[in-house]
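To keep things clear, I will list the structure first and then write my remarks on it.
Read the numbers this way: they start at 1 and go in the same order the structure lists the ligands and their atoms.
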Amino acid sequence: MTKRKQEDEVQKKIFSILDSGKVKIFQFNAGAGAGKTYALEQSIKHLLKTRDSDLKTRNQKILCITYTNAAKNELVRRLNKNSSVVVSTIHEFLWGFIKTQQKSLIELHQNKIEDELMRINGELTKSFYKKIEEKDKFDHQVLDKTFANIFYSHYSDHAEPFRVAMEQYDFPKKWLNNVNKFKKTVINVRKRDKLQKVLDKPGRKVDYISTKNRDNLADYKISHETLLDYCKQVITNHDILKRLFMDRHPYVFIDEYQDTDQRVVDIMDSIEQYAIGRGKSSLIIGYFGDPLQNIYGKEITNTFVNDKKYLQIKKVFNRRSTTQVISVINRIRNDALKQESIYEDYNNGTNHFYSVNDDFVLDKFLDRMKLSTHTTCLLMKNEDIAKERNFDLLLTVIKKFPNFKDNNYDNINEQFLQKNIQHIGSFLRNLLSFIELIQKIKYEKDITINKILVLMYGKLPMITFNDLRDFIHKLFVFNFNSLNLVDCLTQFLKISSGKINGTKVLEYIFGVDDSVDTLTGIKNKAYDYLIGQNNNDMDVDSFFKIKFSQFINWYYYIYDNQHDEKVNYYTLHGSKGLEFDNVVVVFEDNFGHKKDYCKYFFENYDSGDVIDDERFNQVRNLLYVACSRAKQNLYVIYINNGLDSIAKSNIEKIFDKIEYLNDK
Ligand SMILES: Nc1ncnc2c1ncn2[C@@H]1O[C@H](COP(=O)(O)OP(=O)(O)OP(=O)(O)O)[C@@H](O)[C@H]1O
């Protein structure tokens with residue numbers, strides 16, 4: 001049978017499951033470039049061809065869950081918008097599904113507030129608060145409005161000026177010995193009061209805010225993680241919702257199963273069980289993915305790798321890369337899946353492995369290899385990416401703050417350079433929203449008024465067109481690119497037009513209340529995020545003095561997956577899901593807080609007992625994702641201080657031969 005025929009057979013297997021009219025969950029496994037997204041698209045098209053009128057009569061929709069908004073937009077584009085298909089990210093979909101279940105949501109939310117109150121009380125009993133005899137008096141004092149204003153105005157000061165500001169209150173000196181503990185205690189008492197008040201006065205609705213990365217419990221606003229918790233509890237405990245789900249969505253496709261949260265899998269399992277119990281219903285759930293492309297350190301749901309309780313479908317063909325690239329990526333993955341090209345003659349590519357020392361200069365290498373167009377460089381060092389993308393100053397400053405230093409080093413990748421914006425650090429996410437607002441107003445020609453207003457207020461407020469036009473006009477006067485962050489914020493705060501007020505917009509974007517002036521409030525948020533309880537003698541001024549253009553460049557790095565025909569630069573993580581003609585990957589050992597990051601992989605490759613070695617698997621997955629982006633030619637450069645014989649021999653097993661480049 002020809003390869004194309006075999007590929008068709010795989011697709012037909014999926015079609016036959018879709019046509020079976022039964023309750024089934026299947027798992028489609030295929031390596032990089034196999035065409036998983038394509039298979040998913042074909043499956044939807046098949047259903048549209050065979051079942052569209054049925055779906056329409058019953059008011060049912062095919063549901064397709066993608067991991068990112070970018071993937072969603074791509075799939076929507078390929079499917080040419082069809083009213084029988086819903087393509088959505090999981091959070092967006094689940095919120096739409098459960099948001100009317102307010103009775104259950106409020107109950108869960110109140111439980112969460114009670115848990116939080118218990119946590120706060122626990123913390124208070126561990127601080128000087130426990131020993132205060134007249135607790136009511138202390139509470140009364142710190143809940144006072146004037147006190148709050150002074151407290152927050154000096155919140156992000158160094159320790160001594162903060163103590164001086166507190167002198168007018170007769171707190172015993174020893175309470176202020178440790179300024180951080182004092183601040184924490186005050187905040188806990190204030191938070192407890194706020195939460196207690198909302199518990200005593202119910203009647204609010206729970207809302208999911210997709211643009212913020214942190215809950216605001218007192219305001220009944222939840223973020224992504226809490227949404228998944230609530231959804232799991234609400235759906236798995238209510239048969240009526242399971243029924244509603246399967247009646248509305250008899251076909252569910254979930255892309256990138258390796259990144260799918262356990263709670264989502266639990267929800268789907270419970271719906272499947274319910275469907276089986278009802279008999280004669282039909283429900284098909286298909287997971288598409290590749291366990292080896294899990295690169296964010298969050299463990300894959302056991303069901304997908306060990307239990308394999310779903311129907312397994314495998315595809316071995318590769319549609320992306322030349323045979324030269326495929327042979328390398330097969331060897332990197334080193335598992336049972338060995339891909340082969342679907343094409344008979346796609347073998348005009350190359351793969352090279354260069355061992356180089358610290359003097360290696362990438363630009364010279366690109367020159368030498370004549371790689372000046374259609375080339376993408378995947379770099380490990382964040383500093384290199386930041387320099388190429390012109391936000392190196394921002395990175396240099398951010399790295400000095402406790403939230404990104406020492407043990408928190410991984411936060412640079414996980415919260416600052418993270419391409420999935422749901423995982424960006426909470427304060428940074430707010431900052432991105434501010435930059436997005438300015439950039440969209442200034443440069444995005446087809447931005448809708450709704451989108452602008454939602455960015456400004458989180459909802460559609462009643463304002464006049466004139467006010468909006470005037471506001472935008474005033475915004476255009478400033479050349480934000482030439483200002484630093486604090487000046488940008490200051491200018492923005494001052495803009496007002498009728499009912500629109502820059503201060504209110506920033507209060508919304510940064511989640512600041514009116515107990516202090518807005519700029520100080522924003523600085524306090526930055527202080528909590530960047531420094532927190534970790535240092536008394538640091539301030540956030542250096543961050544706010546950074547040129548706004550650096551933040552804009554960072555924003556474009558996070559959001560922008562466009563690449564041009566010249567040389568483009570990404571981190572290895574950031575390349576996931578993309579493909580390029582020529583790929584240059586630069587491996588380094590000094591990465592991820594390790595001194596032997598890649599070395600560990602090369603030394604242990606082929607040692608036989610690495611299957612459960614999490615560290616080994618993480619490096620392997622990252623190298624696999626990076627190398628499998630190449631369509632035609634792959635150049636791997638390994639910066640190292642000398643290779644031992646085991647590493648050398650293993651590298652040769654993967655890449656055939658090592659070329660040495662040691663010129664300056
Ligand atoms: N049946 C097909 N016919 C033509 N081109 C295809 C087909 N399937 C996939 N392709 C092409 O092959 C390439 C890889 O496909 P796709 O991106 O769907 O793979 P993938 O398995 O999702 O990759 P990865 O997991 O590495 O991100 C793309 O350029 C896609 O357009």
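The backbone N or O of I421 sits less than 3.5 Å from a side-chain atom of N213, completing a donor-acceptor pair. Side chain of K36 to main chain of A30: a donor-acceptor pair is present (N/O by atom type, distance under 3.5 Å, no hydrogens or angles).
On a distance-only criterion, A34 and ligand 1 share at least one N/O pair closer than 3.5 Å.
A salt bridge is defined here as a Lys NZ or Arg NE, NH1 or NH2 lying under 4.0 Å from an Asp or Glu carboxylate O, and E9 with K3 fails to meet this definition. Between R615 and D613 there is no salt bridge, since none of the side-chain N atoms of the basic residue sits less than 4.0 Å from a carboxylate O of the acidic one. Between E444 and K451, no side-chain nitrogen of the basic residue sits less than 4.0 Å from a carboxylate oxygen of the acidic one, so the salt-bridge criterion is not met.
Of the listed residues (T303, D269, N302), just one forms a side chain to side chain donor-acceptor pair (under 3.5 Å) with K309, and that residue is D269.
With distances taken over non-hydrogen atoms, the option nearest atom 10 (N) of ligand 1 out of E256, R319, K36, K315 is R319.
If you look at Q293 next to ligand 1, the close heavy atoms, those under 4.0 Å, all belong to the side chain.
Ligand-side atoms of ligand 1 in range of R629: 26 (O), 27 (O), range being under 4.0 angstrom from any heavy atom. Counting the atoms of ligand 1 from 1 in the order shown, those under 4.0 Å from a heavy atom of A32 are 25 (O), 26 (O). Ligand-side atoms of ligand 1 in range of G31: 21 (O), range being under 4.0 angstrom from any heavy atom.
For the pair R248 and F97, the cation does not sit on the ring face, since its NZ or CZ is not both under 6.0 Å from the ring centre and inside 45° of the axis. Judged by a 6.0 Å distance limit and a 45° cone about the ring axis, K419 is positioned over the six-membered ring of Y557.
The nearest protein atom to atom 29 (O) of ligand 1, hydrogens excluded, is given as E579 OE2, 2.6 Å; this is a heavy-atom distance. For atom 16 (P) of ligand 1, the closest non-hydrogen atom on the protein side is G35 CA, 3.7 Å. Protein heavy atom nearest atom 17 (O) of ligand 1, with residue, atom name and distance: R320 NH2, 3.6 Å. The protein non-hydrogen atom at the shortest distance from atom 22 (O) of ligand 1 is T37 OG1, 3.0 Å.
Distances shorter than 4.0 angstrom do not occur between any heavy atom of S628 and any atom of ligand 1. In this structure, A39 does not count as a contact residue of ligand 1, since none of its heavy atoms falls inside 4.0 Å of the ligand. Residue contacts with ligand 1: G33 is included, with a non-hydrogen atom under 4.0 Å away. Ligand 1 lies nowhere less than 4.0 angstrom from a heavy atom belonging to K631.
The ring-ring contact (aromatic ring centres under 6.0 Å, His included) search around Y600 returns none, not counting sequence neighbours.
Judged purely by distance below 3.5 Å, without hydrogens or angles, the side chains of T322 and N347 never pair a donor atom with an acceptor atom.
Distance check for atom 31 (O) of ligand 1: every protein heavy atom is found at 4.0 Å or beyond. Proximity of atom 2 (C) of ligand 1 to the protein is indicated by at least one non-hydrogen atom lying closer than 4.0 angstrom.
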